[in-house]
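Below is one structure; the comments refer to it alone.
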Protein chains: 2
Amino acid sequence: MKENESKLENRHIKPTAMRELVLKVLSDQSAAISLADLEQKFEKADKVTLYRTLKTFEENKLIHSIDDGTGSVKYALCKETCQCHPEDLHVHFLCTKCKQTYCLTDIPVPSVNLPTRFTLETINMVVKGICVNCI
Amino acid sequence: MKENESKLENRHIKPTAMRELVLKVLSDQSAAISLADLEQKFEKADKVTLYRTLKTFEENKLIHSIDDGTGSVKYALCKETCQCHPEDLHVHFLCTKCKQTYCLTDIPVPSVNLPTRFTLETINMVVKGICVNCI
DNA sequence: AAAGTTTATGCAACCGAGTTGCAAAGTTGT
DNA sequence: ACAACTTTGCAACTCGGTTGCATAAACTTT
């Protein structure tokens with residue numbers, strides 16, 4: 001799994017064993033994952049370590065966080081080129097049945113015309129409904 | 001303040017003294033307000049009562065809640081005609097400087113083309129940036 | 001108007017996600 | 001091998017939100 005190691009290095013994150021494991025879990029997910037979810041993937045890892053790992057990943061834009069309104073923040077991998085700028089942002093989808101949160105990476109967040117003298121930094125757009133697996 | 005009383009009755013909420021007071025506070029706000037904010041507007045009211053009042057208002061679509069990602073849910077009045085359906089939804093704006101959350105009632109939430117067989121229930125769209133008062 | 005029923009309010013206490021402090025373990029550089 | 005720094009793990013805390021239960025207030029029925 002040299003690939004993950006270089007992914008970490010690309011984002012200037014020191015590749016420790018723990019971090020590679022967490023990255024592996026994140027890579028294997030098709031949906032975004034919460035800290036609690038992540039904790040359950042490991043039998044023995046400490047919540048705080050995972051928490052700080054996610055923070056480090058997020059600070060270095062390896063992952064992005066999604067506040068989907070469920071009360072727990074989810075995390076998902078960024079694209080290689082992502083800088084988490086407004087033009088990089090995509091829509092997220094929360095299935096109200098299976099509670100999975102998906103990155104709709106093909107759907108960019110629509111631009112909005114803000115009132116005059118409002119400046120834009122970022123946008124969080126979460127669509128809720130029923131996903132294809134739950135119909 | 002008969003007006004607020006009838007606003008409550010229109011939404012089939014029994015107009016108690018407490019509820020009229022809370023509605024008055026909400027009416028006076030230009031920005032959305034959190035439970036903690038609301039609590040501070042009263043010297044003596046109990047948090048739980050305010051909490052349940054907000055819940056009742058929300059269930060009856062007198063107000064809507066906004067999860068702006070700050071960790072505390074904000075509430076703001078709905079329009080008279082609002083049914084909180086997707087077509088009623090508007091964009092919200094969180095100022096990262098003053099932490100105020102505004103309803104941009106003139107800006108409807110843009111429609112998104114979901115992947116096939118994804119059905120839409122609701123959308124939460126929060127734009128973050130600097131508001132006109134904080135430039 | 002009194003008794004009974006329902007609804008709203010208030011207090012205490014709990015819950016869970018996120019977070020911090022600090023010490024131990026591991027890593028890096030000389 | 002030693003010092004300096006970074007990462008990990010444990011304990012404990014914060015804070016927003018929530019529930020249970022008892023009291024108070026408001027309606028109903030006679």
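Just so we're on the same page: letters track the sequence lines, and every chain starts at 1.
- For Glu20(B) and dA26(D), the CD to P distance is 12 Å, given to the nearest whole Å.
- Taking CG of Asp68(A) as the start and NZ of Lys128(A) as the end, the distance is 7.0 Å to the nearest 0.5 Å.
- Between Lys55(B) and Met18(A), the residue whose closest nucleotide on DNA chain D is further toward the 5' end is Met18(A).
- dT9(C) atom C1' lies 14 Å from atom CD of Glu39(B), rounded to whole Å.
- Atoms OH and CG, on Tyr102(A) and Leu114(B) in that order, are 13.0 Å from each other to the nearest 0.5 Å.
- Within a 6.0 Å sphere centred on CD of Glu87(A), other residues, nucleotides and ligands contribute more than 12 heavy atoms.
- Residues Tyr75(A) and Phe57(A) keep their aromatic ring centres 6.0 Å or farther apart.
- Taking atom CG on Leu8(B) and atom P on dA8(C), their separation rounds to 12 Å, with Å as the unit.
- Under a hydrophobic-cluster definition in which Ile, Leu, Val, Met, Phe, Trp and Tyr are linked whenever side-chain heavy atoms come within less than 4.5 Å, directly or via other members, Leu89(B) and Val126(B) are assigned to different clusters.
- Summarising the geometry, the separation between CG on Asp67(B) and C1' on dG18(C) is reported as 14 Å, rounded to the nearest angstrom.
- In terms of position on DNA chain D, the residue among Gly71(B) and Lys14(B) whose nearest nucleotide sits closer to the 5' end is Gly71(B).
- Ile66(A) and Ile107(A) sit in two unconnected hydrophobic clusters of ILVMFWY residues. Membership requires side-chain heavy atoms under 4.5 Å apart, directly or through other members.
- We find that CD of Glu9(B) is positioned 14 Å from C1' of dA26(D), with the value rounded to whole Å.
- Across the protein-nucleic acid pair, Leu35(B) atom CG and dG10(C) atom C1' stand 14 Å apart, rounded to whole Å.
- One finds no side-chain N or O of Thr16(B) lying less than 4.0 angstrom from the OP1 or OP2 phosphate oxygen of dA26(D).
- When the P atom of dA17(C) is taken as reference, atom CG of Asp37(A) falls 10 Å away, rounded to whole Å.
- Contact check of residues 41-54 of chain B against DNA chain D (heavy atom, cut-off under 4.0 Å) returns Lys47(B), Val48(B), Tyr51(B), Arg52(B).
- Aromatic ring pairs are classed by plane angle as parallel below 30°, tilted from 30° to 60° and perpendicular above 60°; the pair His90(A) and His64(A) is perpendicular.
- Arg19(A) has its CZ atom 12 Å from the C1' atom of dT27(C), to the nearest Å.
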